[in-house]
Amino acid sequence: ERERERDQEMANLGLMITLITVLICLSSSFTKSSKGIKIDLPKSLNLTLLTNPSTISAASQDFGNITTVTPSGVICPSSSSDISRLLHYAANEKTTFQVAARGQGHSLNGQASVSGGVVVNMTCLADDVVVSKDKKYADVAAGTLWVDVLKKTAEEGVSPVSWTDYLHISVGGTLSNGGIGGQVFRNGPLISNVLELDVITGKGEMLTCSPKLNSELFYGVLGGLGQFGIITRARIVLDHAPKRAKWFRMLYSDFTAFTKDQERLISMANDIGVDYLEGQIFMSNGVVDTSFFPPSDQSKVTDLVKKHGIIYVLETAKYYDDPNLPIIREVVDKLKQSLSYLPGFISMHDVSYFDFLNRVQVEENKLRSLGLWEVPHPWLNLYVPKSRILDFHNGVVKDILLKQKTASGLALLYPTNRNKWDNRMSAMIPEIDEDVIYVIGLLQSATPQTLPEMESVNAKIIRFCKDSGIKIKQYLMRYTRKEDWIEHFGSKWNDFSKRKELFDPKKLLSPGQDIF
Ligand code: FAD
């Protein structure tokens, strides 16, 4: 009898444990999904909140493939007034949802998403590119890809003057970050080539801004990480679109010779100077892409990397229209004769201006076909002051990166001119009194298995720079601690937070950046 009672007690206990487990599971799945059912936009707003699983799933991921941040819904605006009504409602009602504009979602850590809030799909406001009569600027809808800006302006013989390496990113997303590449040394980052913006603030106001009109908003939004408003139109500076580019890569085994030549090229005047300058690092523990060199030289390049461990690739381009102009031959000869690359290790491609600017898409297609595009991207982008670039090279490239078991992806390293940044804008570069800063892009691809190791390598690099007193600034990162953001914005933090109070007091916008 007692045994039966004990069995009964055990069975009851088992039942209770099962019940408690089910309850815990139910309540946690409720907490997660409750975010998805909270937002109920009134009919008067005339906005459709898309909540189907595939839309939500797409808006929860980004290029980084590291974080998943799930919004409650997505709107596809048909005009800027749709965005204005949404933000006006969110700012004035007792609602608590936040809002994130999303271009292509090419962010690395969820910066274009919003947990439980509304994502505004900016690609719904795209492809509107109107070149002015005098061809000095184009008005562009913010969701437009730069590649489409290029196609449309080139039809009229004009082109923007500064570019990112990759053109399949949105105008609004890029201007919220900065926009850097090999033309910055001459023409400044993309944010330095904007004349006017239409912005919808966190209060839902639609404002036009420029250096003269609502200038606080204009400077705040450029490099402002989406914190002060949603850009719906940008007026972009244009100039003549060249027809072709002479595109060079030269190899160096000596870091100082490499950086000396890079620095010389960015200081040369416009006529004989080059139009584009970047640089890459090939390491013996990484992938060495020899495809730019003729097949007969490719194994020599691989051997060179094996022999030296590290090889530096100077990459430069000169644009032109007429190949018969003596200046083009002069520049090419000058490059070949005056730079101290390893004899014989130079390769030149003659390509259309469009193909030159759109070169990363070729890489994208290759990686996609190998299933290597949609993988985790623990990228680390930094600006390093010129005075410490050798220390950075020795401490990071030689002592950390070269000692990694394997490295995958690209390592970029090139100088650019600091005076091309406008300090009134939100974008940050090192706050030092130096003319030249280096752009570093450690663009690694990971697998879920290698991700932790790569992230710890990135942390080690940051720690090395801190411990050695190298005053770096990160680009495209997301900090999770407020003190890191305060340190990042340095002398601009007060203005940055004042602008937040002014334009988005309810802190609705781009919460994925984790600043406020
Ligand atoms: P998203 O990732 O969608 O958004 C970025 C941020 O801006 C988010 O906080 C978002 O909320 C906000 N935002 C988006 N649209 C708007 C808007 N209209 N108004 C206000 N806020 C908005 N960057 C460079 O500078 N140089 C490079 O050479 C370069 N190369 C790249 C190469 C590759 C392969 C990739 C994937 C990215 C590269 N980038 C480069 C980074 C790129 O600038 C960022 O990914 C940037 O975020 C733009 O991408 P996006 O349009 O998808 O913006």
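Counting starts at 1 for both ligands and their atoms, in listed order. All heavy atoms count here, side chains included; hydrogens, waters and symmetry mates do not.
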Does a side-chain N-to-carboxylate-O contact under 4.0 Å join Asp82 and Arg85?
-> yes
For residues His393 and Tyr312, establish whether the separation of their ring centroids is below 6.0 Å.
-> yes
Considering only non-hydrogen protein atoms, determine which one is nearest to atom 18 (N) of ligand 1 and report residue, atom name and distance to 0.1 Å.
-> Ile231 O, 3.0 Å
Tell me, yes or no, whether the heavy-atom count around Lys471 atom NZ, taken from other residues, nucleotides or ligands under 6.0 Å, exceeds 12.
-> no
Determine, using heavy atoms of Gly229 and all atoms of ligand 1, whether some pair is separated by less than 4.0 Å.
-> yes
With heavy atoms only and a cut-off of under 4.0 Å, state how Trp373 meets ligand 1: side chain, backbone, both or neither.
-> side chain
Output the list of atoms in ligand 1 that are nearer than 4.0 Å to some heavy atom of Asp165, sorted by atom number.
-> 27 (C), 28 (O)
Relative to the heavy atoms of Tyr475, which atoms of ligand 1 are at a distance of less than 4.0 Å?
-> 23 (N), 24 (C), 25 (O)
For the pair Lys498 and Glu501, evaluate salt bridge (charged side-chain N to carboxylate O under 4.0 Å, His left out) and give the outcome as yes or no after the intermediate values.
-> CA-CA 5 Å; Lys498 269 191 216 148; Glu501 274 311 315; over 6 Å; no
Plane angle bin for Tyr479 and Trp485 - parallel if under 30°, tilted between 30 and 60°, otherwise perpendicular = perpendicular
Which bit of Ala112 gets closer than 4.0 Å to ligand 1, counting heavy atoms only: side chain, backbone, both or neither?
-> both
For ligand 1, is Gly179 a contact, meaning one of its heavy atoms is under 4.0 Å away?
-> yes
Can you list the steps and then say if Glu315 with Arg249 is a salt bridge (charged side-chain N to carboxylate O under 4.0 Å, His left out)?
-> CA-CA 5 Å; Glu315 178 172 72; Arg249 283 189 190 164; 2.6 Å; yes
For ligand 1, does Met122 get within less than 4.0 Å through its side chain, its backbone, both, or neither, judged by non-hydrogen atoms?
-> side chain
With only distance considered, is His106 within less than 3.5 Å of ligand 1 through an N or O on each side?
-> yes
Between Leu108 and ligand 1, which residue portion shows a heavy-atom distance shorter than 4.0 Å: side chain, backbone, both, or neither?
-> neither
Assign the ring pair Trp493 / Phe516 to parallel, tilted or perpendicular, where the plane angle (0 to 90°) is split at 30° and 60°.
-> parallel
Please write down residue, atom name and distance for the protein heavy atom closest to atom 29 (C) of ligand 1.
-> Thr164 CB, 4.1 Å
Proximity to ligand 1 by part of Ser176, non-hydrogen separation under 4.0 Å = side chain
Decide whether the shortest distance between a heavy atom of Gly105 and an atom of ligand 1 is less than 4.0 Å.
-> yes
Closest by any non-hydrogen atom to atom 31 (C) of ligand 1: pick that one out of Tyr166, Phe228, Phe63, Trp163.
-> Tyr166
Ignoring hydrogens, just give me the one of Ala142, Gly64, Ser107 whose non-hydrogen atom is nearest atom 1 (P) of ligand 1.
-> Ser107
Close N or O approach (Gln111, ligand 1; < 3.5 Å) | yes
For ligand 1, which atoms sit closer than 4.0 Å to a heavy atom of Gly173?
-> 7 (O), 14 (C), 15 (N), 16 (C), 48 (C), 51 (O), 53 (O)
Output the list of atoms in ligand 1 that are nearer than 4.0 Å to some heavy atom of Leu476, sorted by atom number.
-> 41 (C)
Give the contacting part of Asn177 toward ligand 1: side chain, backbone, both or neither, where contact means a heavy-atom distance below 4.0 Å.
-> side chain
Quick one: which of Gly178, Ser113, Ala101 has a heavy atom closest to atom 12 (C) of ligand 1?
-> Ala101
Ranked by distance from atom 3 (O) of ligand 1, the top protein heavy atom is Gly103 N, 2.7 Å
Near Gln104 (heavy-atom distance under 4.0 Å), the atoms of ligand 1 are 3 (O), 50 (P), 51 (O), 52 (O)
Could you name the option among Ile169, Asn109, Thr123, Leu197 that has the heavy atom nearest to atom 39 (N) of ligand 1?
-> Ile169
Can you tell me which residue and heavy atom of the protein come closest to atom 26 (N) of ligand 1, and the distance to 0.1 Å?
-> Ile180 O, 2.7 Å
Counting heavy atoms not belonging to Lys152, are there more than 12 under 6.0 Å from its NZ?
-> yes
Look at atom NE2 of His88 and say whether more than 12 heavy atoms of other residues, nucleotides or ligands are closer to it than 6.0 Å.
-> no
For Asp435, does the CG atom sit with more than 12 other heavy atoms under 6.0 Å from it, leaving out its own atoms?
-> no
For a side-chain hydrogen bond (donor to acceptor under 3.5 Å, both in side chains) with Tyr166, tell me which candidate from Glu364, Glu363, Arg359 qualifies.
-> Glu364
Measure up the Phe255 and Phe258 rings against each other and bin them: parallel (under 30°), tilted (30 to 60°), perpendicular (over 60°).
-> tilted
Which class fits the ring pair Trp373 and His377: parallel under 30°, tilted 30 to 60°, perpendicular over 60°?
-> perpendicular
One finds that the ligand 1 atoms under 4.0 Å from a non-hydrogen atom of Gly226 are 21 (N)
With heavy atoms and a 4.0 Å threshold, my read on which part of Gln513 contacts ligand 1 is side chain
Judged by non-hydrogen atoms, does Val360 sit under 4.0 Å from ligand 1?
-> no
Testing Trp421, Tyr438, Tyr414 for ring pair (Phe, Tyr, Trp, His ring centres under 6.0 Å) with Tyr383, which one passes?
-> Trp421
Looking only at heavy atoms, is any part of Trp379 under 4.0 Å from ligand 1, and if so is it the side chain, the backbone, or both, or is it neither?
-> side chain
Consider only side-chain N and O atoms of Thr164 and Trp146, and report whether a donor and an acceptor are under 3.5 Å apart.
-> no
Non-hydrogen side-chain atoms of Trp379 and Leu442 separated by less than 4.5 Å = no
